[in-house]
Q: 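Here it is, the structure, as structure tokens.
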There are 2 protein chains.
Amino acid sequence: MEIAFDLPHPAREDIELSQVLFALSDPGRLAIARELAAGPAEAASCVPWAPDMPKATKSHMMKVLREAGVIRNEPKGRGRLLSLRRADLEARFPGLLDAILNAGGSPPGG
Amino acid sequence: MEIAFDLPHPAREDIELSQVLFALSDPGRLAIARELAAGPAEAASCVPWAPDMPKATKSHMMKVLREAGVIRNEPKGRGRLLSLRRADLEARFPGLLDAILNAGGSPPGG
DNA sequence: GCAAAGGTTCAAATATTATCGAACCATGGA
DNA sequence: TCCATGGTTCGATAATATTTGAACCTTTGC
């Protein structure tokens, strides 16, 4: 047996706007999504942006994002493979993810 | 004196993505934003979508939306004038508001 | 099987948010 | 000015969310 320890993910059509917005309303979780926007990443707790954060905390953040349908979290060898659910989000809420990821945060004149 | 009882609103450049997403992550607050998308509305507590909700609760919802920079809440005679801050949101986070407001919630095949 | 590496889940303590009655504030009209 | 109308704020309580250590599960390697 190669694949086990699978986690539940909402189907595309079950992804809810409220949950997506809530998941991404936390700066830390948004940072994860942005990190994954560049491409899939391996391991959840070993991401470099927060070496001091306990793994239980990181795992919880992944859970919120996963249950909202923002990211996919699959078993990969001894660790996990994380990825953004771009296609699903785009199909369900066109333009939303890009608008959020592109939100620079810098005013025009600053 | 005609205008008093003004409430604080964040300046355009101070509107934060996290707060906007959080404010709109609640179905009730999102409903208010959608209601106002059609045009400004008078009165906050008398809106028809929730006649049973206590006015303190409605006022709190307005506060969250206002402090996030999503809506404007101005004095208008004896009541208030509520409006969506479309231009400010569009300038700061292009495409975001439309993506959220347009999010129908119906899957393609259903 | 045993031990290590990597993550998730459990459970309890904190912190944040929501709810809503009561008190308070501002406007309009008599 | 006094009263009614409309909303906001205060304060207390309930409901959620976050944080984290400890325990547990799965794969890898011996």
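Letters go in sequence order (proteins before strands), and every chain restarts at 1.
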Q: Ignoring hydrogens, what is the shortest heavy-atom contact between A37(B) and L84(B)? Give both atom names and the distance.
A: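 Where A37(B) meets L84(B) most closely, the heavy atoms are CA-CD1, 3.7 Å.
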Q: Whole Å only: how far is the CG atom of D6(B) from the C1' atom of dT8(D)?
A: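 In whole Å, dT8(D) C1' lies 13 Å from D6(B) CG.
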Q: Measure NZ/K55(B) against P/dA23(C) and give the value in whole Å, please.
A: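 One finds 12 Å between P of dA23(C) and NZ of K55(B), rounded.
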Q: If you assign each of V64(A) and G77(A) to its closest nucleotide in DNA chain D, which residue comes earlier from the 5' end?
A: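 Looking at DNA chain D, the more 5' nearest nucleotide goes with V64(A).
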Q: Would you indicate which nucleotide in dT8(C), dT18(D), dC20(C) comes nearest to any side-chain atom of N73(A)?
A: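 Closest nucleotide among those given: dT8(C).
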Q: Just compare dT20(D), dA17(D), dT8(C) and give me whichever is closest to any side-chain atom of F22(A).
A: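 Output: dA17(D).
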Q: Where do R92(A) and V20(A) land on the side-chain contact (heavy atoms from CB on, under 4.5 Å) test, with the steps shown first?
A: CA-CA 11 Å; R92(A) 189 121 173 78; V20(A) 172; over 6 Å; no
Q: Tabulated below should be each protein N or O lying under 3.5 Å from an N or O of nucleotides 10-16 of chain D; please produce it.
A:
none

Q: When you check the phosphate oxygens OP1 and OP2 of dG7(C), does a side-chain N or O of S59(A) lie under 4.0 Å from one of them?
A: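 No, S59(A) has no side-chain N/O under 4.0 Å of OP1/OP2 on dG7(C).
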Q: Just do the side-chain contact (heavy atoms from CB on, under 4.5 Å) check on L24(B) and R29(B) with the steps written out, would you?
A: CA-CA 6 Å; L24(B) 295 176; R29(B) 291 191 298 248; 5.6 Å; no
Q: Could you give the NZ-to-C1' distance, from K58(B) to dT17(C), as a whole number of Å?
A: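 Distance, rounded to whole Å: 20 Å.
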Q: Do the side chains of L7(A) and L36(A) join up, straight or via other hydrophobic residues, at under 4.5 Å, putting them in one cluster?
A: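 No, L7(A) does not connect to L36(A) through the hydrophobic network.
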Q: Report the distance from atom CD of E67(B) to atom C1' of dA18(C), rounded to the nearest whole Å.
A: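 Roughly 14 Å, once rounded to whole Å.
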Q: Taking for each residue the nucleotide of DNA chain C with the nearest heavy atom, is it L7(A) or R78(A) whose nucleotide lies nearer the 5' end?
A: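 Comparing both residues, the 5'-ward one is R78(A).
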Q: Whole angstroms only, please: what is the CE-P distance between M61(A) and dA17(D)?
A: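 That distance rounds to 15 Å.
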Q: I want to confirm an ordering. Mapping H60(B) and K76(B) to their closest nucleotides on DNA chain C, which one lands closer to the 5' end?
A: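 It is H60(B), whose closest nucleotide lies nearer the 5' terminus.
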Q: About how many Å separate CG of N73(B) and CG of L81(B), when rounded to the nearest 0.5 Å?
A: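 It comes to 8.5 Å.
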Q: Whole angstrom is fine here: how far is it from CG in L65(A) over to P in dT18(D)?
A: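 The distance from CG of L65(A) to P of dT18(D) comes to 10 Å, rounded to the nearest Å.
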Q: According to a strict under-4.0 Å criterion, is R80(A) in side-chain N/O contact with OP1 or OP2 of dT27(D)?
A: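 No, because none of the side-chain N or O atoms of R80(A) sits under 4.0 Å from OP1 or OP2 of dT27(D).
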Q: Apart from F22(B) itself, what residues make up its hydrophobic cluster, given side-chain heavy atom links below 4.5 Å?
A: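 When side chains under 4.5 Å apart are linked, the cluster holding F22(B) also contains F22(A).
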Q: Under 3.5 Å, sequence neighbours excluded: what are the donor-acceptor pairs made by side chains of residues 60-72 of chain A?
A:
| residue | atom | partner | partner atom | Å |
| --- | --- | --- | --- | --- |
| R66(A) | NH1 | P8(A) | O | 2.6 |
| R72(A) | NH2 | D88(A) | OD2 | 3.1 |

Q: Measure CG/D52(A) against P/dT19(D) and give the value in whole Å, please.
A: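 In whole Å, dT19(D) P and D52(A) CG are 14 Å from each other.
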Q: Using atom CG of L24(A) as one end and atom P of dA17(D) as the other, report the distance to the nearest whole Å.
A: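 Answer to the nearest Å: 15 Å.
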Q: Tell me which of D26(A) and P8(B) sits closer to the 5' end of DNA chain D, going by the nucleotide each one is nearest to.
A: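 Taking each residue's closest nucleotide, the earlier one in sequence belongs to P8(B).
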